[in-house]
Amino acid sequence: MLNTDNNRHLINILQLDLLNWFKTAKRNLPFRQTKDPYSIWISEIMAQQTQIDTLIPYYNRFIDRFPDVISLAAASEDDVIKAWEGLGYYSRARNLHQAAKMIVADSNGIFPNRFDQLIKLPGIGPYTGGAIASIAFNEKVSAVDGNVLRVISRYCNSFDDIGAAKTKKSMTQWIESILPAAAGDFNEALMELGALVCTPQSPKCLLCPIRCGCQSFSSGTTDQIPVKKKKQKQITKKMEVGIVKQNGGLFFIRRPESGLLSGMWSFPIAETAAGNGNDIKKKLGDYFPALSDPVFIGESRHVFSHIIWEMTVYGFNLAGMVGETADIPYAQTAADVSEDQTGRTQFKPLSAVDDLALPIAFSKLLTLIKDF
DNA sequence: TAACCGTGGAC
DNA sequence: TGTCCAAGGTT
């Protein structure tokens, strides 16, 4: 990090020129039209590990559906998750809902207005707490995200690993030592510069408002900074998906309350070694005593942050089951479903699948199975 | 500390 | 197609 006493002019550039640039260059984003802490909170949670352009339609829909912390707290978790469908990292939505209920229960719906209160809420860590506190309440705290780590590393020509906790800590302290009164604007300006100009690849240095103070630009090291450990690549898992159809209804299972895609709806799915459809048929035996042999439908591949599913999709028909009658069109047919699975399965016709919060891994199978 | 936790965009 | 990675938090 630069010594702030010996480099006063470099600090001035970072503060003044960056803020001036931000006034005219900042994007016109929906959550920049307000200082409402609730709206800023929603936008910051959605922005975690998500590009801004991706979240904008989600943000507008979410605020329309849950305009304040009261309405969010009063909603069902299913409705909140459904509003999050497609955004990923679904624990963000569950934490959001939990935090809303806490705010209503503990402080009558009054939004916490200080950093140290905000980070006590589930889903709000150092970055998000700093962002809300500085942007909505202009508290003098930093909001250090990936953009800020990259911008400051380059500006100071720092080769410290930005993934290391001690780097984040020293960077946070350094920024707070130079934080101007307009803390929220400054935090946003650093992020905006990182998103628009000081990009990870091919930074647009010739357009950069603080280029003349940038120590990696003058050293020719912008392409080596930031230093970051490579993350290990995903492991591949062979999976079998079972499509069970009854009277036009498709069989869905709610996933467990923890782990990957927790609480979301899914088609029955099982890891397999053989890949002949019998592993998923065995799992389906927990629900249905009699099933047809698996019928190959198709294949699909889905990439998560740390896992790749190579899915083979099989169709099954029920044979001689209770509930295959017109007057009980989508009934749960298995009599011996274990108690912990009660209410966690259902049949849905293809036309009504949109009622369920379905992860992309499964919703992209719908075209595959439409003719089954 | 490092694994876990989704999805889509950019190149 | 492969690779990186994005306004991170939790455990």
* Which atom of A/Ile52 lies closest to which atom of A/Phe31, heavy atoms considered ->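 So the two residues come closest at CG2-CZ, 4.1 Å.
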Is any side-chain N of the basic residue among [X] and [Y] closer than 4.0 Å to the acidic one's carboxylate O?
X	Y	answer
A/Lys283	A/Glu240	no
A/Asp355	A/Lys82	no
A/Asp279	A/Lys238	no

* To do: Could you pick out which residue, A/Gln51 or A/Gly125, lies toward the 5' side of DNA chain C when each is mapped onto its nearest nucleotide?
  =>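 Looking at DNA chain C, the more 5' nearest nucleotide goes with A/Gln51.
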* Select from A/Pro200 and A/Pro122 the residue whose nearest nucleotide in DNA chain C is closer to the 5' end of that strand. =>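 It is A/Pro200 whose nearest nucleotide is closer to the 5' end.
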* **Comparing A/Ala165 and A/Val303 on DNA chain B - which has the more 5′ nearest nucleotide** =>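 Nearest-nucleotide comparison on DNA chain B picks A/Ala165.
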When all nucleic acid strands are considered with a 4.0 Å heavy-atom cut-off, which category describes [X]: base, sugar-phosphate, or nothing?
X	answer
A/Arg255	nothing
A/Arg150	sugar-phosphate
A/Leu29	base
A/Ile52	base

* salt bridge (Lys or Arg N to Asp or Glu O under 4.0 Å), paired with A/Glu77, selected from A/Arg254, A/Arg94, A/Lys101 ->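 One option only clears the test, and that one is A/Arg94.
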* To do: Name every residue in residues 219-243 of chain A that has at least one heavy atom under 4.0 Å from any atom of DNA chain B, in order of residue number, or write none if there are no such residues.
  =>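 By residue number: A/Lys229, A/Gln232.
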* Mark yes when over 12 heavy atoms from residues, nucleotides or ligands other than A/Asn138 sit less than 6.0 Å from its CG; otherwise mark no. =>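 Yes, because the 6.0 Å sphere around CG of A/Asn138 holds more than 12 heavy atoms from other groups.
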* Asked: If we ignore angles and hydrogens, is there a donor and acceptor under 3.5 Å between the side chains of A/Gln48 and A/Thr128?
  ->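 Short answer, yes.
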* **A/Arg150 and A/Asn147: side chain donor to acceptor below 3.5 Å** =>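 Side-chain D/A pair, A/Arg150 to A/Asn147: present.
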* Segment of DNA chain B, first to last nucleotide, that comes within the 4.0 Å heavy-atom reach of chain A ->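 It runs B/dT1 to B/dG9.
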